[in-house]
Every structure is written in C-alpha cells, then in structure tokens.
Number of protein chains: 2
Amino acid sequence: MERRLNLEDVGRRAGVSRSTVSRVVNGGHVSSETKRRVEAVIAETGYRPHAAARSLASNSTGVIGLVIPSAAGTLFDDPYFGRLILGTSSATNEVGMTLALFLFGDGPDESSIISRVVTPGLVDGVIVTATTRGDPLIDHMQGANMPFVVVGRPDSAGSTFCVDVDNRAGARTAARHLAALGRSRPALIAAPSNTSAGIDRRNGFLEGLAEAGLSVEDRIEEGDWSQESGRTAMARLLAGQPDAVFVSSDRMAVGALRAVSEAGLNCPRDISVVSFDGIVPPDLTTPRLTSVVQPVTEVGERAVRLLTSVIGGAAAPEHVVFQTRLAVRESCGGAAPAETGA
Amino acid sequence: MERRLNLEDVGRRAGVSRSTVSRVVNGGHVSSETKRRVEAVIAETGYRPHAAARSLASNSTGVIGLVIPSAAGTLFDDPYFGRLILGTSSATNEVGMTLALFLFGDGPDESSIISRVVTPGLVDGVIVTATTRGDPLIDHMQGANMPFVVVGRPDSAGSTFCVDVDNRAGARTAARHLAALGRSRPALIAAPSNTSAGIDRRNGFLEGLAEAGLSVEDRIEEGDWSQESGRTAMARLLAGQPDAVFVSSDRMAVGALRAVSEAGLNCPRDISVVSFDGIVPPDLTTPRLTSVVQPVTEVGERAVRLLTSVIGGAAAPEHVVFQTRLAVRESCGGAAPAETGA
DNA sequence: GCCATCTTTGGGAGCGCTCCCAACCGTATT
DNA sequence: AATACGGTTGGGAGCGCTCCCAAAGATGGC
C-alpha cells in the first residue's frame, strides 16, 4: 500500500504548485487551462483532501454533533428521536457537513462523553436535545465556548439559541377540540414535569379547558413517556370515569388505548383520546389516534440551519418556534372543527 | 475570546516541554512529581487537546462511521435501525470513540455523501448496513482503502468482514413451530428479494416447511418492509385460505395482523402469525406477536468491535453470525415447543 | 572512580492543509 | 515607452499534535 498522495503530489503531476491544486479543489481563481489539467490528475489519481489536515489548518471541521442525553436503552422506542435524527441528518448533508451522534447512556462513561462533545477540533457545533429542567449539560456547553443550539426550551432560554414547538398552544387546541366535542369530564396524562415539553403541554391543556369552563379536577396522572406508563396512568384515571383524555405523547397514548380496551370500554364511544406528537403511524392503532402533530423533521432541519448561523458568528440568541397542527382521526370520536392550525 | 491554548502553553505554565505534557495527557512515562504539576495546570486551565491536530499527527481520528443507504424518509419507521444505532453508539462510546452517521436519502446528494464517507482523515473505519444485492456501495468501499465491516451478508461475503444473524436458521425455526402447531396451509410474506435477509428468511422458511412435509404452494407474497405492504400482502394471501403465515419482519406483521382483523378473521384462531425481528414492543399489538428474535443491539456492538480490530490491522476476513431465538407469544396460537434456540 | 544502563526530558521534523504575500505575466493606460 | 493594474501562480509560515532521537541526569556494577 503506497503512501496516500497529497496536494503536493497532485501538483507535481500536473506541473503546478500545491497552492494551485488547493485553489482548484476549493474553487479559487485558476485559469481554465490549468484547472482542466489539475482536475484530470485528480480524477485519474482519485485524490481526496485529508479532512483532519483541513480541519487543523482552517480551524473548522465540517462536523455537527447531535447530543441526546437520555437513558439510551429506551431511546428509540419513541419514534421521536428517529425523526429528529432524520431531520438533522438530511439538513447536515444538504449543507455538506457530517453528523456525529452522541448518545449518552446512564453509565459512568457519561461524563467522558460530555467532555468529548466539547473537544476542540472535533465538531464545529452541537445540537442538544432531550434535556431536563436544570440539566447541567446546558451549563457545561455554555462554559465550553462551543457553538450550540438547543432543541426544546431550556431554562436559560433568554441567552441561548433554540428551536422548539409551541407545545402550549398545541395542547390548548387539543383541549378546545375535546370541549367542542361536548366532553365534560376530561382527564390528562402528563409528560414528565422535569421537561419543558411536559410542563408546557400540561399547562396548555389546562388553560384550554379553563377557557371552555372545564377542569380535570383530580383526573390527572404523570407518565414517563413510555407506553407502559401511559397504560397504567390510564388504568388509574378510569376510576374517575373520564369521558376524554389528553395524552402528552403518542407513545403513552398507545398504552392508554390499551388500558381503555382492557377495561372493556370503547374508544371513542366511551372516551375520547387525543395525543401529542403525531409521530406514531396512524395505522398502528385502532382506532387511529387524533393528535397534535409537531413537525419533528423540520425542527431538526431548522436546528442545523440555526447552528450553522451560530457557527458563522450569529450574534443575538434566536428562538425559533414551530406551530403544531391538530390531525383529527377516529380516537376523539368526531371531526368537529376539522384540521385546524394551532 | 483569547486564543485556545495548546500543549506548548500548558508546558510553559508548568515549566516543562510540549513533549512532557503530551506524555502526561497520553499516559507516557513521566516522573510523578512532574505529572502532578502538569495535571494541575491542565485542570486549572481546562486544557483539551485539539482533535484535528491529533488526527493529523497520529493518522487516526477516533471516529467510526455508520452508513445506512436507505430511502431515509421511512428509515425510522422500522425500529430496527434505531436499535442498530443504539448498539453501535454504545460500543463506540465504550471504546472511547465517536460515532458519525451517514444516512443517504434518494437525493442527488447521495454520491457526494458516499465520497464523504471515504474521505481520508474523517473516520477510521465504517460500518455499512442495509445494502441490497449488488450494491455498488460495497465495491466502492473496497476500492477506497477504508476499513469497513458489513452488517448483513454481502455478495462478496468471502472477502469482507461482516456481522450477520442466522436468518435462514431462524426462519426454519418459525416453519417448524408452525408445523408443530398442526398448521397445514402455511403462507409467506417475504422481504425484498434484493436483500440477503429477504432471501435467507424466505429460503429458511421454505426449507423448514419442506422438512415437515409442507409447502406454501402459491401462498407467497413479497413486501417492501413497510407496514402497509404487509397489510396488502396479507389481504391478497387470504384468498388462498392459509391457516398460518410467516411474515419476514415485525413491521410487515403489524400490517398483516391488521389485514386479518379487517377480513373479519381472528388471529390466532383462524390463522397463526409468526414474524421475524422481535423488535416491535410486544404490547403494541393484539394479539402479541410470536417472533424470531434477532439480537440487533448486540449485532451493532459486535460490528464496532470487529471494525476496531480491522482498523487495528486484522488480517483474515471474519464472519460473525448471531443466532436467533423464537419468542412464543399469542399470535401463533400455541406455546408448543416453548422458547427454543434456533 | 569509570563506564554501561535506565529513566526522564527536550526539541526537531513532519502530518497535509489553508492563508497570505510576493512575484510574475500580459495588457491597458498615460 | 514607461507605468499601472488585474489575473495567476508559487512558496513561506503555521495550525497543534505525535513520533523519534538525542541529551541529561540518576543509578549501579566492576
């Protein structure tokens, strides 16, 4: 295996200097005749510039990191993260960069991964998601002099760049829809209250109910995003005889549907179900879930674009908020106000 | 923002040379007194070595690439890839490396991503998966002088390192189980025949049936891994009045179950269903799916370990084959030979 | 007390690239 | 004809690190 060739070698073969070859590769000003000759040599030799050398000299790696600090084991049971990865990956490819994935487990390796994330010369910037309230990761990033964008709404929202969906407005829409359907004993399966999405969806739903003169009273349970938690939460709620329930995530809603049928009840006849996410393929459940759809892929794409602008030196912290959309299907028992923006 | 500090700076502060600091960082031989002093400076200044410089000098990046050339849009509808990413990610972290993700879309960017994968100085090696028969990507990798490992069974299995599961034996087990249950009109929903998994599962199932003196006759359809394709395949198969069906993937099986119930039939009473993968959470379906379970996470982990050995200079192409396990649940209508190794 | 040996340390060379400045060419301007 | 000026090109310097060799100091055997 002969030595890899470098700019100098290519230049020698083409009868030009290293610098000229570099210009051809990077699109600088070169006479067309020279350019043609150099390109011929490149094609013939299969020369490819060395990424590490480039990074070192240009102080930019062309790599974006996606950091998901979650109990890794169950991460992909929720299609949310897959979609987010998809969105970031496609946007990353589009801008000609590479995506590095940092998934934290619960292991002792966690802190070593965190420090790897902020290693200089590894990535140009980082997208952080799935953080909880008061997550030390955010502080760590801020102290590390590494461009980053948060997906979600961090505590320190004022001083960081972030991309989020309007969880609150979306949940409010769900409440209004249920109220419009004439349901009077709504229940809530909330998402973890140590996440901004969990808090916002809960508050939004309660607000929406209040507008309609309704209340969940004690018909409220908190799940942990898992299907099983949705199921047990629903089973407990059933004691309060709700006629509607807003479940803060698709995945928990699948569990809730199961609990409903296990209790011998029928959805939507006995109880309307509306979920949040719109990620689980509708055909997966019977009845198909009515849900507040959030544009996850777009969020991922936008996060990448925002990050590139931060890397490019964007100054003022910017917040991007995507709106949700209510997709009415069978589980709510009525196509009342049709699909409507949130 | 002052200049990043480098080895030289740290050395100056600690009163030693660049080389000594390097030894402290990388665990070379240094007197304990010197070591203490240098470590103090590092802790105090928060010095972190520059990854690109390191890569350039040492000719090794510490990054592993995971390449999934699939129609990206539907990629994560199948939990398989999530699991695989999880497995590779955790093993990558364990060996102190970083994972880069290359997801191809169908876009025109595809070839540019392919070439990025083999860029020298970007990754040390690559794990390739989800390739089809005759996939040019494999050839491309072989020509590129880049260490790589294939997850699955490539055409050129003889000359490449790969990690696979014994699809054939697993499918055979499914056939035997169905036969043992007394089913006599088995059907097959195959996976795409341009993939080795599709071919092996089909052949394995047919072999297993033959051993038991059974045959699918014309009760065979091919799906495209999607839930919808499983549903339409099953709907068509129903005309042949099968009393059992082996579905080559969980996801297609979910669709098949739906078709069964839409036809007013009952699974498992009227028809036994056995699937392959064991990835969809059992509680997602009613009845819960009996399936041939493949250890996806372990496959991913093993692929990383194999790749590191290839990077380290492993010589003879090695094949790792994982065995599957039949998880008997309700969809097959009988706990006959219990859970059994394949 | 001298030389061989080991441990510890310093610094040169070089990885392959980008960035910048100077040199050079031919042509247009005065 | 002398000067000026774009368009091209070459090469020095340097990015921050690792690798290697040699120097210096410590130790021990004879």
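Worth knowing before you read on, the calculation uses all heavy atoms, side chains too, and leaves out hydrogens, waters and symmetry mates. Lettering follows sequence order; numbering is per chain, from 1.
Looking at which nucleotide of DNA chain C each of Gly15(B) and Ala53(B) is closest to, the 5′-most match is held by Gly15(B).
Put simply, CG on Asn59(A) is 13 Å from C1' on dC17(C), counting in whole angstrom units. Between Leu7(A) atom CG and dG14(C) atom P there is a gap of 18 Å when expressed in whole angstrom units. The interatomic distance linking Leu122(B) (CG) with dC17(C) (C1') rounds to 14 Å, in whole Å. Atom P of nucleotide dC17(D) and atom CZ of Arg54(B) are separated by 8 Å, given to the nearest angstrom. Here the C1' atom of nucleotide dG14(C) and the CD atom of Glu8(A) are 13 Å apart, to the nearest Å. Taking atom CG of Leu56(A) as the reference point, atom P of dT18(D) lies 12 Å away to the nearest angstrom. The nearest whole Å value for the distance from the CG atom in Leu5(B) to the P atom in dC15(D) is 14 Å. Rounded to an integer number of Å, the gap from CZ of Arg12(B) to P of dG11(C) is 12 Å.
Contact check on Arg305(A) versus Glu94(A) returns a salt bridge, with a Lys/Arg side-chain nitrogen under 4.0 Å from an Asp/Glu carboxylate oxygen. The pair Glu8(A)-Arg12(A) does not meet the salt-bridge criterion, since no charged nitrogen lies less than 4.0 angstrom from a carboxylate oxygen. Look at Glu298(A) and Arg302(A) and you find no salt bridge, because none of the NZ, NE, NH1 or NH2 atoms lies under 4.0 Å from a carboxylate O. Here Arg36(A) does not pair with Glu39(A) in a salt bridge; the nearest charged N to carboxylate O distance is not below 4.0 Å.
Remark: side-chain polar atoms of Asn26(B) are not paired, donor with acceptor, to backbone N or O of Arg23(B) under 3.5 angstrom.
Using modelled atom types and a 3.5 Å distance limit, the side chains of Arg83(A) and Thr297(A) yield no donor-acceptor pair. Gln142(A) and Thr160(A) are not linked by any side-chain donor-acceptor pair at a separation below 3.5 angstrom, with hydrogens and angles left out of the test. Defined by atom type and a distance below 3.5 Å, a donor-acceptor pair is present between the side-chain atoms of Thr34(B) and Ser31(B).
Of the residues in residues 17-27 of chain A, those placing a heavy atom less than 4.0 Å from an atom of DNA chain D are Ser17(A), Arg18(A), Ser19(A), Thr20(A), Arg23(A), in numerical order. DNA chain C is contacted by Thr34(B) of residues 33-46 of chain B, taking any non-hydrogen atom closer than 4.0 Å.
Side-chain N/O atoms of His29(A) include one lying less than 4.0 angstrom from OP1 or OP2 on dT8(D).
Side-chain atoms of Pro49(A) lie closest to dC17(C) of the nucleotides dC17(C), dT8(D), dC17(D).
Looking at DNA chain D, the stems built from 3 or more consecutive Watson-Crick or G-U wobble pairs, each pair with its key distances under 3.5 Å, are C:1-30 with D:1-30.
In terms of heavy atoms, Pro154(A) sits closest to Ile138(A) at CB-CD1, 4.2 Å.
Side-chain atoms of Val296(A) and Tyr80(A), non-hydrogen and from C-beta on, do get closer than 4.5 Å to each other.
Distance check: Asn194(B) CG to Asp135(B) CG gives 9.0 Å after rounding to the nearest 0.5 Å.
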